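These notes concern the structure reproduced below.
Fair warning: this is a prediction, and the values are worked out from it, not measured in the lab.
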Amino acid sequence: MGFTPLSDLGAGTYHGFRGGLYPGGKNTPGPVYLARGLAAAHSVRPLGPDGAPAQNGKVVLLSVGMSNTTIEFREFGREAALQRLNPALAIVDGAVSGQDAEKIKDPAGRYWRELDRRLIAAGVTGRKVQVVWLKEAIIRPTESFPADAQRLRADLRAIVAILAQRFPALRLVYVSSRIYGGDATSPRNPEPYA
């Protein structure tokens with residue numbers, strides 16, 4: 001399709017912006033960032049309903065995002081069940097179709113009420129959420145680069161702030177981009193926005 005993934009750009013640029021997933025065109029985190037992430041990962045423990053450590057508690061891994069997120073996360077959940085991962089792990093799909101970054105950046109929006117409902121249906125509380133996979137985009141983007149990317153970045157920051165406020169035990173947020181959208185048949189999130 002003529003687009004090079006950011007992770008393949010290395011020291012190359014896209015409209016004057018360096019590629020890579022981390023500064024300097026690299027795809028691996030720097031030592032300080034890595035150490036902070038590992039320390040956060042090592043602090044994850046099963047929690048009881050009140051959010052206090054509990055031997056028979058749960059570690060909630062929650063997805064947050066739109067339809068693409070829920071499609072992928074449901075498959076992840078099926079694979080995790082087949083692997084018989086740690087029984088303390090509760091995998092909750094909180095991604096909701098049609099709820100793009102512009103909608104869920106509103107802390108009073110419909111998305112958050114649906115997310116609460118899904119946590120209750122899974123038999124867990126928000127106090128047990130320690131790990132989130134966040135995958136979002138903006139539906140029907142119209143701005144050109146870099147304004148489109150900067151708008152999404154601002155939305156993602158707002159969403160992470162909401163997550164931190166709603167889930168006091170949150171330790172890790174994994175942020176990923178939308179899957180390749182070059183074969184899309186609708187204008188919802190085409191390349192290069194995807």
Heavy atoms of E136 and Q99 approach each other most closely as OE2-O, 2.6 Å
Check R118 with E114, please: is the shortest side-chain N to carboxylate O separation under 4.0 Å? yes
Are W112 and D106 side-chain neighbours, meaning at least one heavy-atom pair lies under 4.5 Å? no
**Intermediate values then yes/no, ring-ring contact (aromatic ring centres under 6.0 Å, His included), F73 and F76** = CA-CA 5 Å; F73 198 72; F76 172 80; 5.6 Å; yes
Taken in chain and number order and not counting sequence neighbours, the residues that satisfy side chain to side chain donor-acceptor pair (under 3.5 Å) with N27 are none
Compile the donor-acceptor pairs under 3.5 Å between side chains in residues 46-62 and protein atoms, sequence neighbours left out, one pair per line.
residue, atom, partner, partner atom, Å
D50, OD1, A52, N, 2.9
K58, NZ, P87, O, 2.9

Shortest non-hydrogen pair, G98 vs I139, comes out as O-CD1, 3.8 Å
Between K105 and A158 the two heavy atoms that sit nearest each other are CB-CB, 4.1 Å
Give the cluster check for Y174 versus L89: same hydrophobic cluster or not, with ILVMFWY residues linked at side-chain heavy-atom distances below 4.5 Å.
yes
Same cluster for L6 and F17 if Ile/Leu/Val/Met/Phe/Trp/Tyr side chains link at under 4.5 Å? yes
Between G94 and L115, the two heavy atoms sitting closest are CA-CD1, 3.5 Å
**Q.** Main-chain N/O of A169 paired with R171 side-chain donor or acceptor, under 3.5 Å
**A.** yes
* To do: Check whether any side-chain heavy atom of L9 lies under 4.5 Å from a side-chain heavy atom of Y14, and answer yes or no.
  => yes
Residues Q130 and L170: closest non-hydrogen pair is O-CD1, 3.5 Å
Could you tell me if the side chain of V64 sits less than 4.5 Å from the side chain of I104, heavy atoms only? yes
* To do: Answer yes or no: is there a donor N or O on one side and an acceptor on the other, between the side chain of R45 and the main chain of H42, under 3.5 Å?
  => yes
Heavy atoms of L172 and A40 approach each other most closely as CD2-CB, 3.6 Å
Determine, for D100 against R140, whether the closest basic-nitrogen to carboxylate-oxygen distance falls under 4.0 angstrom. no
